[in-house]
Amino acid sequence: MRNFSFCGYKWDKKYFFAFLIAVICSIICGIVLYKPVISNIYLRNLVYDYVYNVFNFKNSALILPHLFVGLIYLYAVFLIAYFTKFKYLTLIFVFLRGLFFGIYIAIIMSANSFSGIVVGLIVYIPSSLISFALCYFIVEFCKICNNNFAFILPAVAAVIDTVIFVILLNLVFRAVIAIV
């Protein structure tokens, strides 16, 4: 019954600090790259559609892309962490995810004024931070979980991330909008 026992595991503090530095640097780079990227009409339309779908509660247009992106990133991180000894190589994917997060949040909060700020603070930022936490969890614990369940771990984490996103979207956001 020690399949999911984590009590004997020592945390890799160097990787944790490298992970935090990669996330912070990528978010800063994303915010700095806001000016050149805002001229891209595709990204602006994507952000306007995202805010429109959040306010109109069109969940299918938001949930399926969120789930697929979560699966892609989490499986990419998992495959590198599980099959190689270079878990610091996963920081490349973390940096890319944080870079897109920084760009999207800068565009969401600046292009859509108050509605973008509300969507960013209540839905997008918490769901992205949970995704970063699940990515860290997969890297740290993919080696010590049972080999029979190791390949299911990223899919379960992506589903958990999507369920939390749905809760943020349908419960928390609706409650805030009803109050405001």
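Rounded to the nearest 0.5 angstrom, Ile105 CD1 and Ile27 CD1 are separated by 9.5 Å. Between atom CD1 of residue Ile103 and atom CG of residue Leu33 there is a gap of 5.0 Å, rounded to the nearest 0.5 Å. Note that OG1 of Thr162 and CG of Leu62 are 11.5 Å apart. Values are rounded to the nearest 0.5 Å. For the atom pair CG (Asn59) and CG (Leu169), the distance works out to 5.0 Å, reported to the nearest 0.5 Å. A distance of 10.5 Å separates CZ of Phe16 from CD1 of Ile21, quoted to the nearest 0.5 Å. Here the OG-CZ distance, from Ser131 to Phe101, works out to 10.0 Å after rounding to the nearest 0.5 Å.
By the 6.0 Å contact criterion, CZ on Phe83 is enclosed, its count of non-hydrogen atoms from other residues, nucleotides or ligands being greater than 12. For Phe93, the CZ atom counts as loosely surrounded, since its 6.0 Å shell holds 12 or fewer non-hydrogen atoms of other residues, nucleotides or ligands. The local environment of OH in Tyr52 is sparse, with at most 12 non-hydrogen atoms from other residues, nucleotides or ligands closer than 6.0 Å.
Using cut-offs of 30° and 60° for the angle between ring planes, the Phe78 and Tyr75 rings count as perpendicular. Using cut-offs of 30° and 60° on the angle between ring planes, the pair Tyr104 and Phe100 is parallel. Taking the six-membered ring for Trp and thresholds of 30 and 60 degrees, His66 and Phe165 have nearly parallel ring planes, at less than 30 degrees apart.
Residues Leu121 and Val118 are not in side-chain contact: their nearest non-hydrogen atoms beyond the backbone lie 4.5 Å or more apart. With a 4.5 Å cut-off on side-chain heavy atoms, Lys14 and Tyr88 count as touching. Using a 4.5 Å heavy-atom threshold, the side chains of Phe173 and Val119 count as touching. By the 4.5 Å heavy-atom criterion applied to side chains, Leu153 and Leu74 are not counted as neighbours.
Connection of Val69 to Ile72 is not established within any shared hydrophobic cluster, with ILVMFWY side chains joined at heavy-atom distances below 4.5 Å, either directly or through further cluster members. Hydrophobic clustering (side-chain heavy atoms under 4.5 Å, transitive across Ile, Leu, Val, Met, Phe, Trp, Tyr) keeps Ile28 apart from Leu96. Grouping the Ile, Leu, Val, Met, Phe, Trp and Tyr side chains by contacts below 4.5 angstrom, directly or via other members, places Phe17 with Val23. With hydrophobic clusters built from ILVMFWY side chains whose heavy atoms lie under 4.5 angstrom apart, Tyr50 shares a cluster with Leu46. The cluster map of Ile, Leu, Val, Met, Phe, Trp and Tyr, joined by side-chain heavy atoms under 4.5 Å apart, puts Ile24 and Tyr124 in different clusters.
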- Task: Go through the steps for Cys29 and Phe95 under the test side-chain contact (heavy atoms from CB on, under 4.5 Å), then give the verdict.
- Result: CA-CA 10 Å; Cys29 288; Phe95 184 82; 4.2 Å; yes
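The nearest pair of heavy atoms linking Ser110 to Ala106 is OG-O, 2.7 Å. A pairwise comparison of heavy atoms in Ala158 and Leu67 identifies O-CD1, 3.8 Å as the closest pair. Shown here for Val77 and Cys135, the closest heavy-atom pair between the two residues is CG2-SG, 3.5 Å. The minimum heavy-atom distance linking Ile107 with Leu43 is given by the pair CD1-CB, 4.2 Å. Taking each heavy atom of Ala61 and Asn53 in turn, the nearest pair found is CB-ND2, 3.5 Å. In plain terms, the two heavy atoms of Ala22 and Leu91 that are nearest each other are CB-CD2, 4.3 Å.
Of the possible polar contacts, none joining the Asp161 side chain to the Ala157 backbone as a donor-acceptor pair under 3.5 Å is found. For the pair Ser128 (side chain) and Ile125 (backbone), a donor-acceptor distance under 3.5 Å is absent.
With hydrogens and angles left out, the side-chain atoms of Arg97 and Ser26 include no donor and acceptor closer than 3.5 Å.
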